[in-house]
A.B. asks: 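One structure is given below, represented as structure tokens, and several questions about it will come after.
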Amino acid sequence: LLALALPRLAASALSLWRSEDGGGCTCVFLHGAGNGYARPPLTSDPGYWGSVDDKLSGPCAEFIFMFEDTLHRGWTDERLQRRVCDLVTRPG
């Protein structure tokens, strides 16, 4: 599941979704527009997302919080799309 700056919507979507093997999924979060820098992803971001990892620990086996330059790159930017796709399709 990829959540794009919609923590409540992400929580709702995850409550309806479970992986087929019951082991949970990798949940990827990307902040909203206006961040002017990119940095490597983290496994927690309580400053922006709060305790979403505690609230979604059942359906999510892994959490990834992305930090991208969304001030200068909108979702239609090919570089931003590639970074997201590379992250969500990486080998487990």
Side-chain angles (χ1 to χ4, degrees):
L1 173 73
L2 176 63
L4 301 172
L6 303 170
R8 289 187 185 155
L9 181 59
S12 298
L14 279 170
S15 69
L16 300 173
W17 186 90
R18 298 283 188 272
S19 67
E20 291 180 13
D21 66 3
C25 63
T26 297
C27 299
V28 179
F29 297 82
L30 176 61
H31 55 76
N35 184 47
Y37 62 91
R39 67 178 180 173
L42 298 175
T43 57
S44 179
D45 184 17
Y48 186 88
W49 291 97
S51 60
V52 69
D53 46 342
D54 289 337
K55 295 174 184 171
L56 300 175
S57 62
C60 298
E62 177 184 21
F63 294 87
I64 299 173
F65 296 88
M66 297 183 71
F67 302 91
E68 297 298 329
D69 179 357
T70 54
L71 180 63
H72 303 102
R73 297 179 186 171
W75 181 244
T76 57
D77 184 279
E78 197 171 313
R79 293 169 295 177
L80 176 58
Q81 293 175 7
R82 173 58 36 213
R83 287 178 60 96
V84 171
C85 290
D86 287 348
L87 182 62
V88 300
T89 60
R90 78 195 194 306

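Basis for what follows: all heavy atoms, side chains included, without hydrogens, waters or symmetry-related copies. Positions are given from 1, in the same order as the sequence printed here. Please read these numbers as outputs of a predicted model, since none were measured by experiment.
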A.B. asks: With sequence neighbours excluded, what pairs up with Asp69 under the salt bridge (charged side-chain N to carboxylate O under 4.0 Å, His left out) test?
C.D. replies: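 Asp69 satisfies salt bridge (charged side-chain N to carboxylate O under 4.0 Å, His left out) with no other residue.
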A.B. asks: Quick one: side chain to side chain donor-acceptor pair (under 3.5 Å) partners of Gln81, sequence neighbours excluded?
C.D. replies: none
A.B. asks: Please list, chain by chain and in numerical order, all residues satisfying salt bridge (charged side-chain N to carboxylate O under 4.0 Å, His left out) with Arg82, sequence neighbours excluded.
C.D. replies: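 Counting only residues at least two positions away or on another chain, Arg82 forms a salt bridge (charged side-chain N to carboxylate O under 4.0 Å, His left out) with Asp86.
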A.B. asks: Taking Thr43 for its side chain and Ile64 for its backbone only, find out whether a donor-acceptor pair lies under 3.5 Å.
C.D. replies: no
A.B. asks: Rounded to the nearest 0.5 Å, what separation is found between the CG atom of Leu56 and the CH2 atom of Trp49?
C.D. replies: 10.0 Å
A.B. asks: So which heavy atom on Val52 is nearest to which on Phe63, and how close?
C.D. replies: O-CE2, 4.1 Å
A.B. asks: Return the set of residues passing side-chain contact (heavy atoms from CB on, under 4.5 Å) with Ser51 (not counting sequence neighbours), or none when no residue passes.
C.D. replies: Asp54, Lys55
A.B. asks: Show which side-chain atoms of residues 35-42 pair as donor or acceptor with protein atoms under 3.5 Å away, not counting sequence neighbours.
C.D. replies:
residue, atom, partner, partner atom, Å
Asn35, ND2, His31, NE2, 3.2
Asn35, ND2, Tyr37, O, 2.8
Asn35, ND2, Glu68, O, 2.9

A.B. asks: Are Leu30 and Leu71 linked, directly or through other ILVMFWY residues, by side chains that come within less than 4.5 angstrom of each other?
C.D. replies: no
A.B. asks: Of all the heavy-atom pairs spanning Thr70 and Gly34, show the shortest one and how long it is.
C.D. replies: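 Result for this residue pair: OG1-N, 3.2 Å.
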A.B. asks: Report the residues that fulfil side chain to side chain donor-acceptor pair (under 3.5 Å) with Asp45, sequence neighbours left out, ordered by chain and then residue number.
C.D. replies: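 None.
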